[in-house]
Amino acid sequence: MAQVAFLPRIIVSADTSKAPLKPLRRTQRSRTSISTNKRVPRSPLQRTKLNVEVSPHRAVSAVRLMRIELGGAFADLLNEKGKGSGDNEMGYVERTLGFCTKELDDRDLRLVTDVVGGTIRWRRYLDHLICSLCHEESTFRHMEPLLLQILRIGVYEIVKLDMPPYAVVDENVRLAKVALRPGAGNMVNGILRKLVVLKEKNSLPLPILEGDDRAQARALATLHSHPVWMVRRWTKYRGQEEAIKLMVWNNSDPRANVGRGVTRADLVKQLNLLKVPHEISLHLDDFIRMKTGLQYIDNNLSFSGGKTVIQAGLLKQGLCAVQDESAGLVVSVVDAQPGESIVDCCAAPGGKTVYMASHMSGQGMVYAIDINKGRLRILRETAKLHQVSSVITTIHSDLRIFADNESAKYDKVLLDAPCSGLGVLSKRADLRWNKSLEDLEELKNLQDELLDAASLLVKPGGVLIYSTCSIDPEENEERVDTFLLRHPVRAAYATQIISPFLWNSVLNPVDRFVPPDFVSECSFYFSDPVKHSLDGAFAARLVRAL
């Protein structure tokens, strides 16, 4: 077991929650602000009233869902106390619902995490059931946002959590009546009671998989709660059977992986003392996989084992980190060595940056560039916690502007590009509803711009690594292919073999860095959620000619 040259860190692997770069000439879309429905404004005295009858986890869940869907919040940033979201959790509840609930206890926090994550994940499926149980489709189409969130919570709890059905009905009816009006509570009561009856009879109104390709894609999209365009795309590239397996994986509860400790043996010893179930990673010497506990949905740590690790202080002290093995394997492709100068182009929040720095024995430098100043601050704090700040320099800049003005060249440049996140939908269920085919085209243009910029920073004989957390070939292999076509002379990049600087190389460039099972037919690193039971990720290693 390799000795680690620093106190390890806590980094929740959430590459897709990076602040997205946009093409320089494009304007950013505005986000819809949260509407608190059509209620008559309450007086200040009424707004501060504490309501002890309303279920606190349902009230908080409804507000979080409103913030995610209408307010543009990232689900992974709304952690158990609302930290990272800019305000106190109960402040949002008060402003949205018009009253406060009692503080959340540990059980309530776990339920909020489960209900919010599950409701986002199963949103299309839940909406189909709600729409089917309304008298008219227009009733569903014109339903006010808060009422819809309350219904989604109730349907999810009945259908997917198997909670006592009539308790679920009563609690959600009470929430609707207090937060909205008596008539809203009556609607919730009617729809949820119909649902209970149909579920008990095993006759839920679900679509049938039949008809042409389009009809089958729509049915699968509803049954597995994904956008239709994703289903059609995956069916095209993978076939229907593999597409279904991928959607099943995306709807499963994700597992987090504990990263580098002082040594892995030290961490195993600590986990054994805490009686936390775990297993050794099959792919990386520095990783341990938690079997129960330290699981998370939308990056919220929860469940008994994770709570034990948190209470023991292992994460806060930097004795372990949370990161998916797929991200660790990307760092393996980089192969950071002591004394090297490395640029991490879109670095924040810093999981890969700090992991690369841990391999450098205090020698060399990782230059972490990101357009988001706040996330760079988090990266610096993380680096300090894990005692690698001496080999990390943060640079607040748009990569494209930085590369145009930078004369220095570097040994290695990692571009972990902003992408669709289609490989991490099991952890980031909200991403499936925030992406479209048009977004994919825009991202491809952005990825090309960033690749061009990153290539300017590599010295002759240096290495460029392009990676994503996507499983879509148009964001992965196709971006590398088009880059090589754009720069056959000026950049003179080539895939790496024994003589790494030849243009006409054909052998796999990553097989010295990752296990053979992760080397694709096209000579790149690729982790497949269905095949490997990991997040989906891609990396290409290119070497600049001398």
Side-chain angles (χ1 to χ4, degrees), residues 58 61 65 69 114-143 145 147-169 172-173 176 187-236 238-254 297 422 425-426 429-433 435 529-530:
R58 293 181 175 91
S61 295
L65 289 167
E69 185 168 348
D114 199 352
V115 168
V116 171
T119 301
I120 293 170
R121 184 172 289 113
W122 289 100
R123 192 178 84 185
R124 185 183 181 94
Y125 176 84
L126 302 176
D127 285 357
H128 171 81
L129 293 177
I130 295 169
C131 185
S132 299
L133 296 172
C134 289
H135 290 300
E136 297 178 358
E137 184 176 338
S138 61
T139 303
F140 172 78
R141 299 300 173 196
H142 296 96
M143 194 173 289
L147 177 57
L148 179 57
Q149 302 301 349
I150 294 170
L151 278 168
R152 285 172 175 167
I153 290 169
V155 174
Y156 176 73
E157 290 178 330
I158 291 169
V159 174
K160 294 296 181 181
L161 291 187
D162 288 324
M163 288 185 172
Y166 291 102
V168 171
V169 174
N172 283 286
V173 167
M187 176 177 282
V188 171
N189 183 65
I191 290 175
L192 293 187
R193 286 185 180 274
K194 286 182 190 176
L195 179 72
V196 171
V197 172
L198 291 173
K199 183 173 183 289
E200 290 174 347
K201 294 180 178 178
N202 197 27
S203 57
L204 293 176
L206 299 178
I208 300 173
L209 189 61
E210 61 183 9
D212 59 17
D213 291 345
R214 287 177 178 270
Q216 290 193 36
R218 287 195 296 270
L220 287 172
T222 298
L223 291 169
H224 298 282
S225 195
H226 280 69
V228 175
W229 73 266
M230 283 188 192
V231 178
R232 297 195 67 190
R233 195 170 186 84
W234 291 338
T235 301
K236 171 185 174 182
R238 307 168 70 102
Q240 188 179 95
E241 184 178 348
E242 286 298 306
I244 292 172
K245 289 179 181 178
L246 179 57
M247 289 187 284
V248 170
W249 164 265
N250 290 340
N251 288 331
S252 63
D253 289 343
I297 298 173
L422 295 180
L425 293 184
S426 67
D430 55 320
L431 287 178
R432 71 183 73 177
W433 310 119
K435 301 296 181 183
V530 174

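- Minimum interatomic distance between Leu192 and Gly154 (heavy atoms only, all atoms of both residues): CD2-C, 4.0 Å.
- Atom-to-atom distance recorded for Leu246:CG and Thr235:OG1 is 10.0 Å, nearest 0.5 angstrom.
- Between the OH atom of Tyr125 and the CG atom of Leu206 there is a distance of 4.5 Å, given to the nearest 0.5 Å.
- Under a cut-off of 6.0 angstrom, the local environment of CE in Met247 is crowded, with over 12 non-hydrogen atoms contributed by other residues, nucleotides or ligands.
- Separation of atoms CG (Leu65) and CD1 (Ile120) is listed at 5.5 Å; rounding is to 0.5 Å.
- Atom OG of residue Ser132 and atom CG of residue Leu198 lie 9.5 Å apart, to the nearest 0.5 angstrom.
- Checked options Thr119, Asn172, Asp127; the residue passing with Arg152 is Asp127 (criterion: side chain to side chain donor-acceptor pair (under 3.5 Å)).
- A donor-acceptor pair under 3.5 Å is formed between the side chain of Trp229 and the backbone N or O of Lys435.
- His226 has its side chain within reach of Asn251: a pair of non-hydrogen atoms, C-beta onward, lies under 4.5 Å apart.
- For Glu200, the CD atom sits in a packed shell: over 12 heavy atoms of surrounding residues, nucleotides or ligands are nearer than 6.0 Å.
- Checking Asn250, Ile244, Val231 one by one against His224, the side-chain contact (heavy atoms from CB on, under 4.5 Å) holds for a single residue, Ile244.
- Side chain of Lys194 to main chain of Leu133: a donor-acceptor pair is present (N/O by atom type, distance under 3.5 Å, no hydrogens or angles).
- Formation of a donor-acceptor pair under 3.5 Å by the Arg432 side chain with backbone atoms of Ser225 is found in this model.
- Minimum heavy-atom separation, Trp249 to Ser426: O-CB, 3.6 Å.
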Legend entry - Stepwise salt bridge (charged side-chain N to carboxylate O under 4.0 Å, His left out) test for Asp162 and Lys199: CA-CA 10 Å; Asp162 288 324; Lys199 183 173 183 289; 3.0 Å; yes
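- Using a 4.0 Å cut-off between a side-chain N of Lys or Arg and a carboxylate O of Asp or Glu, Asp114 and Lys160 do not qualify as a salt bridge.
- Listed by chain and number, the residues in a ring pair (Phe, Tyr, Trp, His ring centres under 6.0 Å) with Tyr156 amount to none (sequence neighbours excluded).
- Closest approach of Leu204 and Leu129 over heavy atoms only: CB-CD2, 4.4 Å.
- Sorted by first and then second residue, the salt bridge (charged side-chain N to carboxylate O under 4.0 Å, His left out) pairs involving residues 215-232 (not counting sequence neighbours) form an empty list.
- A distance of 8.5 Å separates CZ in Arg58 from CD1 in Ile153, rounded to the nearest 0.5 Å.
- If you take CG on Leu126 and CZ on Arg121, they are separated by 11.5 Å, rounding to the nearest 0.5 Å.
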